[in-house]
Number of protein chains: 2
Amino acid sequence: MAATLHDVARVAGVSFKTVSNVINNHPHVRESTRAKVEQAIRELGYRPNLTARSLRSGHTGAITLALPQLSLPYFAELADAVIEAAAKCGLVVLVEQTGADRDRELEVMASPRLKMSDGLIFSPLALGQEDADLIKAEVPIVLLGERIFGSTSDHVTMQNVTAARTATEHLLDLGRKRIAVVGAHEGEVIGSAGLRLRGYREALEARGIPYDDGIVAYVVDWHRSNGAAAMHDLLDRGAQFDAVFGLNDTLAQGAVRVLQEAGFRVPDDVAVIGFDDLDETRYSLPTLSTVDPGRTEIAETAIRMLMDRIKDPAGMPPREVETAFQVVPRESTVGRAAAVPA
Amino acid sequence: MAATLHDVARVAGVSFKTVSNVINNHPHVRESTRAKVEQAIRELGYRPNLTARSLRSGHTGAITLALPQLSLPYFAELADAVIEAAAKCGLVVLVEQTGADRDRELEVMASPRLKMSDGLIFSPLALGQEDADLIKAEVPIVLLGERIFGSTSDHVTMQNVTAARTATEHLLDLGRKRIAVVGAHEGEVIGSAGLRLRGYREALEARGIPYDDGIVAYVVDWHRSNGAAAMHDLLDRGAQFDAVFGLNDTLAQGAVRVLQEAGFRVPDDVAVIGFDDLDETRYSLPTLSTVDPGRTEIAETAIRMLMDRIKDPAGMPPREVETAFQVVPRESTVGRAAAVPA
DNA sequence: CCAGAGGCGTTCAACGTTGTAAACTCAGCG
DNA sequence: CGCTGAGTTTACAACGTTGAACGCCTCTGG
């Protein structure tokens with residue numbers, strides 16, 4: 001059985017509260033007492049019982065991260081960043097997968113398990129704007145992503161519109177005129193797809209290029225196979241284009257694959273840019289141009305906001321932060337010579 | 001403030017222990033009392049305080065999963081599988097990243113945080129055979145991977161040797177005679193690299209083909225860039241081969257990329273097989289033949305073993321389980337027509 | 001030499017739950 | 001009409017920790 005404060009106290013010949021004081025670096029502990037206690041701690045290999053500490057103190061030192069699925073590379077890299085950022089603050093991370101299922105997303109917020117952590121970083125994929133009122137839990141929440149705005153929670157997002165606009169401009173600047181889009185969502189306005197499509201349209205508009213729905217391919221999911229299918233669809237209907245904006249990297253990779261199979265050279269015949277800066281985009285053939293949405297900054301900001309909120313739940317109005325982004329030109333738009341090296 | 005048993009008891013007009021009995025489905029609670037209590041629970045929106053329950057009961061309902069890094073696709077998919085398997089058993093998963101750093105791997109086992117969970121599923125990458133004695137913690141451990149054998153912990157592994165042998169045989173069966181290896185580790189015997197290389201050698205030996213170190217490329221890490229560099233290395237030194245066994249999928253993908261850049265057709269000129277069955281291998285160009293190491297089975301077995309061990313820590317001797325594997329022939333070895341569809 | 005101040009350590013009461021054991025209720029029965 | 005015993009409910013003591021409040025000791029200043 002593990003040693004407790006009482007055991008240490010007995011060995012050190014002091015009261016168990018004094019041991020607690022030593023451990024918590026309370027002032028007013030004589031050096032000699034401290035030494036005695038520390039000796040006893042070492043001797044017994046004492047380690048504090050964090051569960052008891054949590055019960056007494058009301059916080060656990062853990063946070064929950066709820067996201068759709070780790071096998072989606074974007075979320076895996078996001079989770080990596082969040083766990084690293086949390087570790088820097090001495091927090092440990094409980095990961096819940098929702099599978100992008102509405103009921104599971106709601107359940108994450110409702111489950112008593114959530115109270116085993118001090119706060120929730122939540123990236124919903126099934127809940128939407130109409131559910132803003134349902135975003136609440138017994139612990140502070142920081143929302144990630146673009147599916148819900150104006151809830152009473154803090155929120156960290158990437159600059160979808162501006163970044164997508166800049167990505168599109170990157171293609172326009174290369175002299176491309178007919179830029180197809182892969183991955184739009186039917187009727188969506190907010191949400192990553194809607195916002196990125198808006199950025200695309202803004203870029204066209206600013207250059208006086210008419211928007212052509214004929215070169216916009218709609219999909220349901222954002223997996224590689226959907227990108228491939230969408231590109232098939234474009235080619236099948238004889239769409240004419242000299243560039244593709246994949247609304248995320250996996251879509252873009254699926255599209256590249258189909259383009260290459262169909263005999264198009266990337267970027268010579270068709271330039272392709274994605275969005276997310278997944279690690280793997282550095283290694284595909286060609287390497288994929290993309291937008292780095294500032295994942296580390298997203299994670300660190302989310303952790304910081306959550307810690308603020310844990311410290312003082314009502315201390316400030318809900319905040320909304322947009323992180324800095326960067327277009328990363330690689331081979332799939334600028335060719336081998338000009339590309340950023342891996 | 002959240003309601004407690006006492007609050008519910010007051011509203012229901014019973015003692016707080018009766019409320020506890022209702023919640024825990026104790027027998028001998030009169031139906032009318034149960035109804036009264038349940039009504040009060042609903043009324044107050046009572047939810048049990050899991051921290052207090054943990055303190056009292058001694059277990060938390062959480063387990064820790066320690067692995068190198070989620071941004072490595074293999075571990076992301078492993079984590080996905082473990083979290084799903086745990087969820088099926090009502091367990092929640094705390095994810096720790098070690099960054100394949102020896103000190104952090106040791107710290108995971110030593111940290112008092114570990115006691116916030118009931119057990120540890122641990123996939124070490126820096127610790128090795130010589131550290132078998134250091135594998136211990138205050139909670140039961142199930143080891144994953146092939147870096148440490150014969151510790152006193154339960155252990156789940158894939159059949160590296162046999163699977164690698166079968167993968168090699170797959171290439172031999174296609175008539176390939178000179179099979180290069182990408183990703184060997186200098187001097188390694190156990191560990192994924194060592195075991196898979198052994199399987200490769202066994203396959204050659206069984207067919208009377210001499211082993212040629214000249215077509216084995218050594219690397220330090222198992223990232224895509226290392227696979228690319230290794231393939232560059234092979235080509236630079238004029239190695240002759242008609243197939244490549246990438247000791248994992250990312251290495252194989254890096255190798256494919258370099259082969260294609262160098263003008264080789266895959267699989268016509270060079271057939272390539274990887275190992276791990278990452279999701280993305282289904283979508284590369286060409287789709288990558290690989291070995292499915294039974295990730296779901298690994299995860300479910302690990303969870304089951306851990307739960308056994310939590311229930312009865314010394315109830316049985318340490319167990320070692322090897323999961324079933326399967327070679328998945330895709331385009332990179334058998335070409336478009338014969339490949340398993342995505 | 002004594003009072004007051006402040007450093008140091010202690011006691012006591014929580015935190016919210018569950019296990020143990022005792023106590024109460026109410027038939028059924030002698 | 002009280003005893004027995006099964007079925008219910010309750011009181012109490014943990015689990016291991018921290019915070020509040022108190023008291024003791026020593027040191028300083030009058």
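In this text the structure is predicted, and so the values were computed from the model without any measurement.
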Next item on the list: Mind running a 4.0 Å heavy-atom check of residues 35-45 of chain A against DNA chain D and sending the residues that fall below it, in number order?
Entry: none
Check: For B:Ser57 and C:dT18, is the shortest distance between a side-chain N/O and OP1 or OP2 below 4.0 Å?
Finding: no
Checklist line | For A:Lys17, all residues meeting side chain to side chain donor-acceptor pair (under 3.5 Å), sequence neighbours excluded | finding: A:Asn21
Check: According to the ring pair (Phe, Tyr, Trp, His ring centres under 6.0 Å) rule, which pairs have a member within residues 130-158 of chain A, sequence neighbours left out?
Finding: A:Phe149-A:His155
Next item on the list: Take the C1' atoms of the five end pairs on each side of the helix from C:dC1-D:dG30 to C:dG30-D:dC1, derive the two axes, and give their angle rounded to 10 degrees.
Entry: 70°
Checklist line | Pair listing, side chain to side chain donor-acceptor pair (under 3.5 Å) test, anchored in residues 50-59 of chain A, at least two apart | finding: none
Notebook entry, point to check: Restricting to pairs with a member in residues 59-77 of chain A, which pass salt bridge (charged side-chain N to carboxylate O under 4.0 Å, His left out), not counting sequence neighbours?
Noted result: A:Glu77-A:Arg295
Item checked: Nearest-Å distance for atom pair NE2/P, residues B:His59 and C:dT17 -> 15 Å
Next item on the list: Give every residue pair that meets the salt bridge (charged side-chain N to carboxylate O under 4.0 Å, His left out) criterion with at least one member in residues 2-12 of chain A, sequence neighbours excluded.
Entry: A:Asp7-A:Arg10
Cut-off 3.5 Å, no hydrogens considered: what does the side-chain donor-acceptor table look like for residues 131-140 of chain A, sequence neighbours left out?
{"residue": "A:Asp131", "atom": "OD1", "partner": "A:Arg102", "partner atom": "NH1", "Å": "3.1"}
{"residue": "A:Asp131", "atom": "OD1", "partner": "A:Arg102", "partner atom": "NH2", "Å": "3.4"}
{"residue": "A:Asp131", "atom": "OD2", "partner": "A:Arg102", "partner atom": "NH1", "Å": "3.0"}
{"residue": "A:Asp131", "atom": "OD2", "partner": "A:Gly128", "partner atom": "N", "Å": "2.9"}
{"residue": "A:Lys136", "atom": "NZ", "partner": "A:Asp133", "partner atom": "O", "Å": "3.2"}

Note to self: Output the rounded distance in Å from NE2 (B:His6) to P (C:dT17).
What the structure shows: 8 Å
Next item on the list: Write down the distance between CG (A:Leu5) and C1' (D:dG19), rounded to a whole number of angstrom.
Entry: 14 Å
Checklist line | Rounded distance (Å) that lies between atom C1' of C:dG16 and atom CE of A:Met116 | finding: 15 Å
Checklist line | Closest approach of A:Pro68 to A:Ser123 (non-hydrogen atoms, all atoms of both residues) | finding: CD-O, 3.6 Å
Item checked: Euclidean distance, atom NE2 of residue A:His26 to atom C1' of D:dT17 [Å, nearest integer] -> 12 Å
Next item on the list: For A:Asp308, enumerate each residue passing the salt bridge (Lys or Arg N to Asp or Glu O under 4.0 Å) test, keeping only those at least two apart in sequence or located in another chain.
Entry: A:Arg319
Next item on the list: Summarise protein proximity over nucleotides 6-13 of chain C in one line of letters, 5' to 3': B for base, S for sugar-phosphate only, - for none, counting protein heavy atoms closer than 4.0 Å.
Entry: -SBSBBBB
Item checked: Nucleotide D:dG19, atom P - distance to CZ of A:Arg53 in whole Å -> 10 Å
Check: Could you state the NZ-P distance from B:Lys115 to D:dT17, rounded to the nearest angstrom?
Finding: 10 Å
Note to self: Applying side-chain contact (heavy atoms from CB on, under 4.5 Å), can you list everything that pairs with B:Gln69, at least two apart in sequence or on another chain?
What the structure shows: A:Asp80, B:Ser71, B:Leu72, B:Gln97
Throw together a table of side-chain donor-acceptor distances under 3.5 angstrom for residues 297-305 of chain A, partners on residues two or more places apart or in other chains.
{"residue": "A:Glu297", "atom": "OE1", "partner": "A:Ala324", "partner atom": "N", "Å": "3.2"}
{"residue": "A:Glu300", "atom": "OE2", "partner": "A:Lys88", "partner atom": "NZ", "Å": "3.0"}
{"residue": "A:Thr301", "atom": "OG1", "partner": "A:Glu297", "partner atom": "O", "Å": "2.5"}

Margin query: Could you report the tightest heavy-atom contact between B:Leu144 and B:Pro124, atom names first, then the distance?
Written below: O-CD, 3.5 Å
Next item on the list: Specify the separation, in whole Å, of atom CD1 of A:Ile23 and atom C1' of D:dG19.
Entry: 15 Å
